[in-house]
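This report refers to the structure that appears directly beneath it.
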Amino acid sequence: MSKDTFTIIDNRTGKQYEIPVEHSTIKARDLRQIKVNPDEFGTMTYDPGYDNTASCKSTITYIDGDKGILRYRGYPIEQLAEKSSFLEVAYLLIFGELPTKQQLADWEYQIMHHTFLHENMTQLFHAYRYDAHPMGMMISALAFMSTLHKEASLVEDADVRLKQIYRILGKLPTVAAFCYRHRIGRPFNYPNADMGYAENFLYMLDYMHQSRYSVNPVLAKALDVLFILHADHEQNASTSVMRSIGSAYADPYSAMAGAAAALFGPRHGGANEAVIKMLTEIGDAKRVPSYVERVKKGEFRLMGFGHRVYKNYDPRAKIIKKIAYDVFGVTGMNPLIDVAVELERHALEDDYFVSRKLYPNVDFYSGIIYQAMRFPPDMFTVLFTLGRAPGWLAQWVEMITDPEQKIARPRQIYLGADERDYVPLEQRG
Ligand code: SDX
């Protein structure tokens with residue numbers, strides 16, 4: 001009769017160990033008993049980048065990288081993108097179920113009535129140079145919010161957590177809009193609670209006291225769907241940082257500042273900005289073959305391609321590609337789309353990419369839409385931050401309330417110097 005265990009034979013000692021298997025994983029701690037000498041530390045696993053290590057148990061997001069599947073709380077991303085709204089998806093991620101009509105109305109009311117920033121914080125933006133990167137402003141603004149809400153450190157109190165969630169989801173679009181308005185030297189537009197989430201954001205970005213102003217509903221809808229597509233993605237680098245900082249019981253603003261810092265990296269959420277730079281550098285579909293050859297020589301990576309988990313087409317990229325043409329119907333075609341489509345076609349016919357299972361990811365087409373909507377490239381990762389905020393918060397709540405979780409503190413393989421005595425300065429060569 002089969003048993004849910006592994007039998008491990010240590011060929012160094014001939015000893016045999018039976019290790020329990022659950023969810024196709026073993027507890028790394030169960031390997032510690034495998035030793036040659038009793039006074040040894042015991043066996044660990046070594047997994048740089050945590051490529052094959054589960055850090056937690058989660059019920060939030062499911063990804064099947066080979067099949068290109070993405071589900072939030074069991075709902076396929078394609079259905080949520082078509083039928084839901086960003087705030088409804090945020091509720092789903094955080095609370096685990098789709099809200100009732102009343103729950104959704106209350107949730108939307110709370111978030112849209114936590115959109116104003118403390119005036120001290122408004123002063124913060126004037127401290128930045130005009131050319132400060134908006135992600136640098138976003139990261140420091142999140143840390144600044146930590147100084148305003150001292151009760152946020154009571155992370156084990158569910159009511160306190162919920163209040164910070166309202167504030168973060170409500171205020172981040174205002175922070176993002178103020179970053180942008182500071183950059184272009186325009187006065188801040190204060191939030192309007194009578195508008196929708198994405199509509200209010202676009203209003204704060206664009207309003208210049210025109211007599212008859214309204215946000216284009218196609219653009220507001222496109223942005224709302226883009227936020228849905230970015231809302232969560234299981235244990236990606238920035239979410240892992242959110243969980244790691246949160247595991248020390250730091251407040252959620254500080255944890256999110258760290259998560260945003262991780263997202264800023266060009267290998268992660270900063271890739272959408274890098275994609276536009278890449279497509280602009282290529283400039284013309286006719287130059288794609290020569291550029292791809294340089295990638296294959298290892299000169300640089302194809303930004304917006306490849307993924308740690310997806311070894312098939314990122315389902316988000318498929319949906320984003322469709323949204324692009326809805327947006328172009330309002331903004332006019334972004335000529336870079338032709339370069340991107342040719343680059344994708346060329347790469348997916350080339351064994352270098354096919355053999356490495358490198359497909360377009362969420363960042364490949366998103367930047368083209370943002371650019372068509374007149375966002376400057378260095379605002380793209382700020383938009384990713386707005387989308388990912390509910391995912392970070394949902395993962396943070398799940399970690400805080402998980403009885404198996406404790407402070408994140410990985411081990412290492414020490415290969416440094418053995419003990420040695422201090423050498424006085426005058427005796428050093
Ligand atoms: C996001 O984790 C998430 O879920 C992230 C994200 C989310 O929603 O949170 O999906 C968002 O971050 C999307 C990824 C955005 N980043 C990029 O587009 C940057 C370009 N992509 C790569 O840097 C890379 O694909 C990663 C970082 C995304 C994944 O890297 P891995 O899994 O560590 O893969 P790897 O570096 O081990 O590469 C395997 C092989 C290598 O070749 P060999 O050494 O085997 O010859 O594939 C090559 C790599 O050189 N490779 C690429 C490539 N990505 C990997 N070659 C050319 N272009 C690329 N983009």
Side-chain angles (χ1 to χ4, degrees), residues 47-55 58 60-66 68-72 77 81 89 93 135 226-243 256 259-279 281-282 288 291-320 340 343-344 346-348 350-368 377 380-381 383-392 394-395:
D47 189 9
Y50 310 117
D51 184 37
N52 192 45
T53 294
S55 62
S58 181
I60 299 172
T61 292
Y62 173 72
I63 299 173
D64 182 321
D66 292 327
I69 290 173
L70 170 58
R71 299 184 196 131
Y72 296 158
I77 191 68
V89 165
L93 288 169
M135 273 306 284
L226 283 160
F227 287 159
I228 289 173
L229 296 173
H230 286 81
D232 193 54
H233 215 240
E234 57 147 88
Q235 305 312 314
N236 58 85
S238 53
T239 296
S240 300
V241 167
M242 183 80 188
R243 280 179 168 259
M256 198 172 271
L263 189 72
F264 193 9
R267 279 182 158 188
H268 191 8
N272 51 21
E273 181 180 351
V275 166
I276 289 297
K277 285 182 184 144
M278 171 185 74
L279 295 175
E281 184 187 328
I282 295 171
V288 161
Y291 192 88
V292 167
E293 286 312 306
R294 292 173 64 194
V295 172
K296 289 164 64 178
K297 286 183 191 140
E299 282 185 43
F300 35 67
R301 288 190 166 187
L302 204 50
M303 300 314 281
F305 258 70
H307 200 277
R308 173 62 56 78
V309 176
Y310 288 124
K311 300 309 173 189
N312 198 326
Y313 211 105
D314 185 331
R316 301 168 296 178
K318 281 182 192 164
I319 301 168
I320 288 175
L343 183 54
E344 172 189 337
H346 195 91
L348 296 189
D350 187 311
D351 186 60
Y352 177 92
F353 299 91
V354 175
S355 63
R356 290 170 176 79
K357 298 186 178 180
L358 301 175
Y359 293 88
N361 59 50
V362 67
D363 292 307
F364 189 62
Y365 286 105
S366 56
I368 293 171
F380 294 178
T381 310
L383 300 174
F384 199 144
T385 302
L386 297 187
R388 186 53 52 89
W392 286 335
Q395 298 276 351

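Ligands are counted one by one from 1 in listed order, and the atoms in each one are counted from 1 as well.
There is no side-chain donor-acceptor pair under 3.5 Å between Y50 and Q235.
Side-chain contact between I69 and Y62 is present, with at least one heavy-atom pair separated by less than 4.5 Å.
Taking the six-membered ring for Trp and thresholds of 30 and 60 degrees, Y310 and H233 have ring planes inclined between 30 and 60 degrees apart. Taking the six-membered ring where tryptophan is involved, the planes of Y313 and Y359 are tilted, since the angle between them lies from 30° to 60°.
To the nearest 0.5 Å, atom CG of residue L383 and atom CZ of residue R388 are 13.5 Å apart.
For residues 262-274, the pairs satisfying salt bridge (Lys or Arg N to Asp or Glu O under 4.0 Å) are E273-K277, with sequence neighbours left out.
At a 4.0 Å heavy-atom cut-off, the residues surrounding ligand 1 are H233, N236, P266, R267, H268, A271, V295, R301, L302, M303, G304, F305, G306, H307, R308, R316, Y352, R356, L358, N361, D363, F384, R388, listed by chain and number.
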